[in-house]
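I have placed the structure first, in the form of structure tokens, so that the comments after it can refer back to it.
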Amino acid sequence: MTAITSGRDDFDSISEGCFLILPQAQRTATQSKSKIGQKRKRTTRKTQGKVARRHVDEQQYIPYQGFEQLFNNEETVECMKIRKNAYEEAWKQTQTIIDDILFDMNRTALDKIASFVETSRNSASQGLVHLPLHEIPTALVFAGINTPDHNAQFKQIANKLSENNNNNFVALLQSKDCNNLKSMMKVMIEQFLSIEIESMKSSNQVKQQQEKGEHEIDEIDEDNEDDNDEGLTSSVGNFGNTMFEINTHAKLKRASKLPPYDMQILEAWYRHVNQQQTKNKRQEPNLVVVLEDLESFEANMLRDFITICSEYRLKIPIVFIMGIATSADILHQSLTKATIGLLRIEKFWLEQSDVWFNRVLETVFIDSVHTLKFGARPYKFLLDHFYLYDFSMGRATASLKYALMHHYYGNPLSIFTPLLDKSKQEIQDTLKGWYNTQIINEHHITHLRMLSSFRMHVDAIADHDPQRALRLLDDDDSEFLMTDALVDFIQGLKRYQHEFQYGIELIRAIQSQFTNNVGMRKSKRMLLLAALESVKTGLSNSEIILWPTSLVRKLDPIGLDQLVKRIRPIVERFGYSLPEDWNERLQTLLGADEAYQRKMEKKLAGMVLPDEERRSTETAKKVQIESMDHLKHVGTDKTKIAIEIADWISETLKSNLRSYTTVPMYELVYYTSAKLHEKSFSAQPRAAIQTGLGQSYHYLNCTCCTGKNKHQILPSEHDTCILYKLYLECGRMINLFDWFVAFGYVLEREKRSEPLNEKEVQARFVRSVAELQFLGFIKPTQRKTDHVQRLTWSNM
């Protein structure tokens with residue numbers, strides 16, 4: 001170590017370092033001479049981008065999108081393709097459900113925003129004051145606190161405004177693309193110009209551009225490259241009919257000498273567009289500027305941007321749509337009174353993400369029969385992660401997609417999941433075809449028999465139907481399991497899902513009958529959670545069923561009649577029926593009460609005397625006896641029908657809301673693998689970093705770094721890993737020189753053909769120290785010279 005610790009160099013610091021990246025070699029003189037005075041041909045940047053992306057895609061091509069043959073490569077390729085196609089179709093259906101719910105949820109708000117934009121130029125019709133004329137119509141859209149979800153919501157707004165019936169051009173601005181006022185103006189102008197080019201040019205112009213494109217664009221002089229290298233951020237809006245999408249790869253040829261952020265370009269472009277619209281007998285278009293995340297824009301830049309746009313308001317009909325995550329107070333905090341005076345503000349509210357989340361859960365896990373379901377633990381994790389962490393629609397969507405990927409990528413029995421969407425005959429024909437063509441083999445049969453629900457089913461029928469139980473387990477009769485019994489199992493899963501949905505709807509209708517007991521009412525998502533967590537008995541002994549049943553027994557005839565009328569449509573919608581005599585008996589009770597009440601009023605009219613004059617006569621006693629007999633008779637009938645209705649409700653709910661684990665082959669539909677799911681969406685970066693530094697072979701998959709003792713320091717490990725293990729042996733203050741010497745001793749044990757160079761050790765040490773400081777393990781300190789302070793102590 002004497003060579004390492006010597007100090008002969010002028011610069012011998014072990015706490016500071018500089019890393020150099022040498023430039024590429026320059027062109028040779030012969031190459032430069034041969035290109036003097038010549039024009040070089042090059043393809044457009046758009047073409048180069050396509051070629052580069054295609055080259056990257058070819059290098060990163062993964063066959064079958066990562067699907068592999070399971071059963072140790074004994075699964076057939078056809079079976080793997082079935083799983084792949086099933087996953088794609090399942091995710092397509094789930095994505096459609098998610099997008100449709102988001103659109104339907106905000107349909108009313110989108111229509112109001114579109115109406116506001118369309119009527120923004122006709123302020124007189126709404127009774128608004130015309131002055132000042134440069135006032136900009138502004139829609140404040142409150143989109144919720146989770147800003148990452150705003151992108152999807154505001155794209156829907158842009159799509160709505162860009163439809164055929166709407167005469168609007170839309171530019172979608174995000175704070176990440178608008179670092180200063182120039183870039184903000186430039187992005188807005190480029191988006192508007194690119195929309196015009198994509199939507200307004202005729203087919204003749206397209207042909208002319210195609211004919212001239214190769215001659216005008218492909219050959220570009222080297223001297224003009226710097227002027228034309230800057231690509232424009234475009235937006236494919238297809239004025240009038242297609243979806244709104246930002247495209248950053250388009251490049252437009254600009255003949256104007258004005259800078260790209262000058263509003264005169266937009267003014268001249270709008271005059272041209274207006275002429276085209278007049279020829280086509282269409283209204284003047286509105287220019288809608290959508291500021292997606294208002295809180296993230298710099299305040300001074302936003303004030304200047306609004307002021308500039310207001311000056312051009314008389315020439316260009318600009319409309320603002322501003323997305324707000326918190327409250328309108330942010331507008332008063334960011335803008336001055338003078339700037340706010342330039343805006344004519346109207347407020348709109350989008351639905352919050354929890355409404356979307358509840359509807360997605362109800363549609364995917366309750367209403368849909370053919371979608372993948374969650375078990376108790378994954379479902380609870382999904383709820384907790386949404387409500388306790390981020391309220392993120394994107395994270396919930398990613399969680400659903402990850403569950404689908406995990407189910408279809410790693411579960412060989414997932415080929416049977418798409419069969420839920422088919423009829424019984426189609427299921428039988430499909431299974432027979434797979435069995436005869438050997439797409440499903442003995443491995444599928446073995447895995448089916450290893451399922452816990454299958455074993456429970458066999459044990460349950462072993463006593464009363466031993467012959468069927470034997471056929472299910474007989475290897476020589478595997479065709480019966482795959483083409484006959486499995487059909488019944490899949491039909492049982494469909495029937496259970498239908499009954500479960502019926503039970504959920506029924507209990508919700510019963511809960512709505514008792515409006516005073518708000519604390520006992522449960523939402524659909526909580527009912528589903530309670531049903532999933534009751535693994536053994538379901539909800540048969542739960543308060544969710546016992547509570548409404550006890551209240552039904554106490555209802556009077558009027559309440560019972562209302563309850564029956566409330567649940568009858570639900571019962572008939574699911575193909576069931578109520579007892580026919582309930583309605584007649586309830587009407588009889590209600591009619592008897594009314595008739596008897598009128599009769600008693602006539603008999604008792606004039607017979608009631610004051611207390612001091614009241615006397616006990618035979619007529620009064622007779623009336624009292626008749627009243628008691630009537631109350632006993634009515635009470636008996638009322639009690640009977642109330643008990644019948646309560647018992648029917650109890651039996652129906654207990655049979656329909658039973659646990660999913662009682663259904664044979666539930667593993668084909670229910671996703672219960674929670675550990676990997678939780679690990680993926682509840683990341684622990686510190687534990688991962690410490691594992692990577694302390695046990696690097698878990699990530700590198702190498703055998704040279706695996707030792708009997710995980711705390712052993714091997715010279716073959718990465719430099720940062722070596723320094724980290726030495727770091728674990730240090731105290732609160734770490735002497736850099738001692739650390740450096742220990743690091744050098746470890747490196748000396750490397751098997752090298754050449755002796756270790758001191759400068760190399762020093763450079764590697766400085767780099768490793770910088771990495772540990774970046775990861776947050778150490779920080780510089782002024783207490784001692786050439787010391788650093790240790791920041792972490794627990795070794796996970």
Side-chain angles (χ1 to χ4, degrees), residues 63-90 370 372-373 375 403-463 465-496 660-673 676:
Y64 302 110
Q65 296 182 358
F67 279 85
E68 297 178 352
Q69 293 174 263
L70 304 178
F71 302 133
N72 294 326
N73 290 331
E74 293 187 11
E75 183 187 31
T76 61
V77 178
E78 291 78 9
C79 186
M80 180 188 64
K81 290 181 179 179
I82 291 174
R83 287 192 293 112
K84 173 180 174 296
N85 296 332
Y87 161 72
E88 293 174 350
E89 184 64 26
H370 56 276
L372 185 69
K373 313 301 178 187
L404 283 173
M405 293 177 65
H406 192 197
H407 179 71
Y408 284 99
Y409 273 76
N411 185 4
L413 301 181
S414 59
I415 61 170
F416 303 114
T417 305
L419 299 179
L420 290 169
D421 202 19
K422 298 182 179 181
S423 63
K424 183 176 181 180
Q425 187 61 40
E426 291 175 342
I427 295 172
Q428 193 167 17
D429 295 341
T430 303
L431 290 175
K432 284 183 178 179
W434 289 352
Y435 185 81
N436 295 331
T437 56
Q438 296 184 351
I439 291 179
I440 50 180
N441 50 34
E442 66 276 4
H443 296 288
H444 292 92
I445 300 172
T446 303
H447 275 65
L448 284 174
R449 289 173 176 164
M450 291 172 60
L451 297 178
S452 60
S453 61
F454 177 80
R455 297 198 303 269
M456 293 173 57
H457 175 70
V458 173
D459 294 339
I461 67 173
D463 295 334
D465 194 357
Q467 186 177 0
R468 180 179 175 84
L470 182 61
R471 294 188 67 185
L472 291 174
L473 298 174
D474 190 4
D475 290 336
D476 297 332
D477 199 8
S478 59
E479 185 176 358
F480 170 75
L481 172 62
M482 301 305 297
T483 61
D484 191 1
L486 189 56
V487 177
D488 296 335
F489 292 148
I490 295 175
Q491 288 294 111
L493 288 169
K494 295 170 63 176
R495 185 166 51 253
Y496 168 78
Y660 69 95
T661 57
T662 61
V663 184
M665 300 291 182
Y666 74 87
E667 293 90 347
L668 302 180
V669 182
Y670 281 84
Y671 174 76
T672 57
S673 302
L676 189 59

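Side-chain contact between Leu451 and Tyr666 is absent, with no heavy atoms from C-beta onward closer than 4.5 Å.
Heavy-atom minimum distance, Ala403 versus Leu372: O-CD2, 3.9 Å. The minimum heavy-atom distance between Ala86 and Pro418, with the atom names listed, is CB-CG, 3.3 Å. Taking all atoms of both residues into account, the shortest heavy-atom contact from Gln491 to Ser423 is OE1-C, 4.4 Å. Listed here is the closest heavy atom pair of Ile445 and Ser478: CD1-CB, 3.5 Å.
Around CG of Asn72, the count of heavy atoms belonging to other residues, nucleotides or ligands within 6.0 Å does not exceed 12.
Considering only residues two or more places apart in sequence or on other chains, Tyr670 meets the ring pair (Phe, Tyr, Trp, His ring centres under 6.0 Å) condition with Tyr660. In this structure, Ser414 has no side-chain hydrogen bond (donor to acceptor under 3.5 Å, both in side chains) partners at least two apart in sequence or on a different chain. In this structure Thr661 satisfies the side-chain hydrogen bond (donor to acceptor under 3.5 Å, both in side chains) test together with Ser659, sequence neighbours excluded. Residues satisfying the side chain to side chain contact (heavy atoms under 4.5 Å, CB included) test with Met405, not counting sequence neighbours, are Tyr87, Lys401, Tyr409. Judged as a side chain to side chain contact (heavy atoms under 4.5 Å, CB included), and not counting sequence neighbours, the contacts of Leu70 are Glu75, Arg83, Pro412. For the side chain to side chain contact (heavy atoms under 4.5 Å, CB included) test, residues two or more places apart in sequence or in another chain that qualify with Asp421 are Gln93, His370. With sequence neighbours left out, Tyr671 forms a ring pair (Phe, Tyr, Trp, His ring centres under 6.0 Å) with Phe374, His406, His677. With sequence neighbours excluded, the residues satisfying side-chain hydrogen bond (donor to acceptor under 3.5 Å, both in side chains) with Lys84 are Glu88. Listed by chain and number, the residues in a side-chain hydrogen bond (donor to acceptor under 3.5 Å, both in side chains) with His447 amount to none (sequence neighbours excluded). Not counting sequence neighbours, the partners of His457 by the ring pair (Phe, Tyr, Trp, His ring centres under 6.0 Å) test are Phe489. Scanning for side chain to side chain contact (heavy atoms under 4.5 Å, CB included) contacts around Lys432 gives Gln428, Asn436, Thr483, with sequence neighbours left out. Looking at residues two or more places apart in sequence or on another chain, you find no ring pair (Phe, Tyr, Trp, His ring centres under 6.0 Å) involving Phe454.
Interatomic distance, Leu668 CG to His407 NE2, rounded to the nearest 0.5 Å: 7.5 Å. To the nearest 0.5 Å, atoms CG (Asp465) and CG (Leu470) are separated by 10.5 Å. In this structure, CG on Leu431 lies 5.5 Å from CG on Leu419, to the nearest 0.5 angstrom. Between His444 atom NE2 and Arg449 atom CZ the span is 14.0 Å, to the nearest 0.5 Å. How far CZ of Phe480 is from CG of Leu486: 11.0 Å, rounded to the nearest 0.5 Å. A distance of 8.5 Å separates CZ in Arg468 from CZ in Arg471, rounded to the nearest 0.5 Å.
Checked by atom type, the side-chain pair Thr76/Gln438 shows no donor-acceptor distance below 3.5 Å.
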Practice problem: Given side-chain contact (heavy atoms from CB on, under 4.5 Å), test Leu448 with Met665 step by step and report yes or no. | Solution: CA-CA 8 Å; Leu448 284 174; Met665 300 291 182; 3.9 Å; yes
Exercise. Determine, step by step, whether Gln69 and Val77 satisfy the side-chain contact (heavy atoms from CB on, under 4.5 Å) criterion, reporting the C-alpha distance in whole Å, the side-chain angles of both residues, the deciding distance to 0.1 Å, and the verdict.
Key: CA-CA 7 Å; Gln69 293 174 263; Val77 178; 3.8 Å; yes
Exercise. Evaluate the side-chain contact (heavy atoms from CB on, under 4.5 Å) criterion for residues Asp488 and Lys424: first the C-alpha distance (whole Å), next the side-chain angles of each, then the deciding distance (0.1 Å), finally the verdict.
Key: CA-CA 8 Å; Asp488 296 335; Lys424 183 176 181 180; 4.2 Å; yes
Exercise. Apply the test side-chain contact (heavy atoms from CB on, under 4.5 Å) to residues Phe416 and Met482: give CA-CA distance (whole Å), side-chain angles for both, the deciding distance (0.1 Å), then the verdict.
Key: CA-CA 11 Å; Phe416 303 114; Met482 301 305 297; 3.8 Å; yes
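At distances below 3.5 Å, not a single donor-acceptor pair connects side-chain atoms of Thr417 with backbone N or O atoms of Val669. Under the 3.5 Å distance criterion, the side-chain polar atoms of Asn411 are matched with a main-chain donor or acceptor of Leu413. The backbone N or O of Pro664 sits nowhere less than 3.5 Å from a side-chain atom of Ser453 that would complete a donor-acceptor pair.
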